[in-house]
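A short write-up of the structure that comes next.
Fair warning: this is a prediction, and the values are worked out from it, not measured in the lab.
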Amino acid sequence: MKLKEIMKGVSLKNDNIPDREISDIVYDSRKASPEVIFVCLTGAFADGHDYALSAYEKGCRTFLCSKEVGLPADALVLYTENTRKALAAMSCSFFRNPSRELKVIGITGTKGKTTVAHLVRSVLERGGVTTGIIGTVGAFYGETSLPTVNTTPESYELQKMLRQMADGGCKAVAMEVSSLGLKHHRVEGTEFYMGVFTNLYPDHIGTNEHETFEEYAYWKRQLFPMCRKAIVNIDDPFSEKIIESCGGEVITYGLSNSADYVLEDTEKVRLGSVLAVKMQTRQGTREKTYTVAMPGEVNAHNAMIAVACGQDFGVSEDQIELGLEQVRVKGRCELVREIEDFTLIIDYAHNGVSLKSIIDTARGYEHNRIITLFGSVGGRTECRREELGTVSGKMSDFTVITSDDPDYEDPEKICKEIASYCEKAGGKYTVIPDRGEAIHYAVNMAQKRDILILAGKGHENFMKIRGKKLPFSEKEEALDAYRKKKEG
């Protein structure tokens with residue numbers, strides 16, 4: 001593509017842009033080559049301007065910077081105020097504005113983004129709308145899976161994924177939009193058909209994230225002027241600010257009678273070993289009951305978004321019902337349906353608040369025992385060990401304490417710390433540092449109508465040990481243990 005075409009929409013300090021061909025856009029100097037343009041991004045830990053010479057030495061001669069980089073005279077250096085913002089505009093142009101060919105649904109909020117994205121996709125796919133997902137658990141459409149680093153990918157990767165999805169037959173994309181994704185201009189230039197607001201709590205406040213809750217909230221709002229429509233949780237106190245920011249039609253949901261979609265009642269139900277929730281809803285004078293194949297009232301709230309979205313897309317009621325009944329969310333209250341003798345839940349809960357929430361949810365269903373297995377990451381967030389040990393000690397009938405990304409820290413030491421808090425809380429427990437062995441132990445001890453919770457790893461498919469990410473699948477370990485148990 002011609003450089004002039006790529007730079008459309010970018011505010012440059014240079015007057016003239018030569019008519020040269022560019023094969024790609026890169027911001028990692030290791031990927032530099034003669035025919036690319038190297039964009040110098042300033043990040044939390046590194047400044048791309050410091051790597052401009054390295055890119056030059058690999059043959060690159062076209063650069064976009066926000067400050068002087070001191071390259072030889074044969075290098076073309078373009079200057080702009082904000083290279084992150086520029087990268088977003090360049091990526092949209094380079095990949096031919098894929099969001100214009102898709103109905104992109106941006107989902108933001110402190111909690112629930114991943115679950116909502118999967119619920120929306122399940123409903124739309126049942127209605128014949130081929131839908132991709134971009135978010136915490138990766139990006140995928142159909143049988144194609146694309147790895148991601150951030151919840152909301154960098155703008156270049158995002159536009160590339162959207163182009164792949166558009167070319168791959170997708171008609172819609174359910175995308176998690178993080179506050180940092182908005183702050184760092186990763187979604188700038190993306191045309192959103194619909195924005196979704198779930199809730200807002202203090203989070204992501206600290207070094208390299210947001211300085212204050214007010215700043216965090218400010219960036220959450222910035223999604224909605226970009227959207228043609230919005231679905232908003234009217235129960236959340238911040239909903240008024242979100243609605244003020246909306247540029248188009250607003251659809252509300254919640255417990256409030258003033259909502260467009262009212263959640264009137266919920267009932268916990270079992271579908272065999274699957275924990276589910278039945279929800280009674282009202283839209284105007286029309287009442288409807290749905291069953292969501294996920295546990296807890298919180299997932300009834302999340303499912304309201306999928307109902308509203310499905311109706312907006314013209315999905316029939318029968319297909320909306322089936323979409324909610326068949327939904328699966330990897331690593332988020334994930335019910336392993338292959339196991340029938342007891343209920344197995346895999347959840348990403350990795351701090352005290354989230355662990356309490358998932359155990360609370362499980363305890364709301366008829367059960368024999370709650371068995372909880374978890375660990376805590378090494379080298380950081382040591383306060384979580386007290387939170388996790390105390391919560392499980394008080395709330396679980398039995399706790400299996402094990403490893404969770406110990407990295408360079410001694411896993412036995414981490415387990416002993418957690419165990420001390422579990423014991424103080426009066427909990428019954430065992431310590432098995434090897435997570436694979438721990439899962440086999442827990443599966444073997446689980447009896448009929450027990451609920452076994454594997455917490456902390458969720459969707460992750462690795463274990464971080466001594467600086468290396470070693471392959472590890474919680475679900476595969478559990479199924480292997482279950483097969484061996486059934487074989488006797």
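Using modelled atom types and a 3.5 Å distance limit, the side chains of S239 and D236 yield no donor-acceptor pair. Under the 3.5 Å distance criterion, with hydrogens and angles disregarded, no donor-acceptor pair is assigned to the side chains of E154 and Y27. With 3.5 Å as the limit, one finds no donor-acceptor pair spanning the side chains of S178 and T151.
In this structure, CG on N461 lies 11.5 Å from CG on L470, to the nearest 0.5 angstrom. Atom CD1 of residue I346 and atom CZ of residue R332 lie 12.0 Å apart, to the nearest 0.5 angstrom. With values rounded to the nearest 0.5 angstrom, L146 atom CG is found 11.0 Å from E157 atom CD. Of the inter-residue distances, the one linking I345 atom CD1 with I371 atom CD1 reads 12.0 Å to the nearest 0.5 angstrom.
Each ring-ring contact (aromatic ring centres under 6.0 Å, His included) pair with one or both residues in residues 116-138, not counting sequence neighbours, appears once here: H118-F140. Listed by first and then second residue, the side chain to side chain donor-acceptor pair (under 3.5 Å) pairs involving residues 158-167 are E101-R163, Q159-T190, R163-D167 (not counting sequence neighbours). For residues 424-472, the ring-ring contact (aromatic ring centres under 6.0 Å, His included) pairs, not counting sequence neighbours, are Y348-H459.
When side chains are defined from C-beta on, I451 counts as touching I370, because their heavy atoms get closer than 4.5 Å.
Counted within 6.0 Å of CD on E264, heavy atoms from surrounding residues, nucleotides or ligands total more than 12; the atom is thus considered enclosed. Under a cut-off of 6.0 angstrom, the local environment of NZ in K428 is sparse, with at most 12 non-hydrogen atoms contributed by other residues, nucleotides or ligands. Within 6.0 Å of the OH atom in Y261, the count of heavy atoms belonging to other residues, nucleotides or ligands exceeds 12.
Scanning for ring-ring contact (aromatic ring centres under 6.0 Å, His included) contacts around Y421 gives an empty result, with sequence neighbours left out. Residues forming a salt bridge (Lys or Arg N to Asp or Glu O under 4.0 Å) with D410 (at least two apart in sequence, or on another chain): none. For Y156, the ring-ring contact (aromatic ring centres under 6.0 Å, His included) partners at least two apart in sequence or on another chain are F95.
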Working note: K457 + D405, criterion salt bridge (charged side-chain N to carboxylate O under 4.0 Å, His left out); need CA distance, chi angles, decisive distance, verdict. CA-CA 9 Å; K457 294 298 293 176; D405 295 345; 2.7 Å; yes
Under the criterion side-chain hydrogen bond (donor to acceptor under 3.5 Å, both in side chains), I'd like the reasoning laid out for T114 against E176: C-alpha separation, chi angles, the key distance, then a yes or no. CA-CA 7 Å; T114 300; E176 297 179 51; 2.9 Å; yes
The test is salt bridge (charged side-chain N to carboxylate O under 4.0 Å, His left out); show your working for R435 and E474 and say whether it passes. CA-CA 9 Å; R435 196 171 183 107; E474 193 115 289; 2.7 Å; yes
Before you tell me yes or no, could you show the steps for V173 and Y141 under side-chain contact (heavy atoms from CB on, under 4.5 Å), namely the whole-Å CA-CA distance, both residues' side-chain angles and the distance that decides it to 0.1 Å? CA-CA 9 Å; V173 175; Y141 62 98; over 6 Å; no
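For the pair K103 and F313, the cation sits on the ring face: its NZ or CZ lies under 6.0 Å from the ring centre, inside 45° of the axis.
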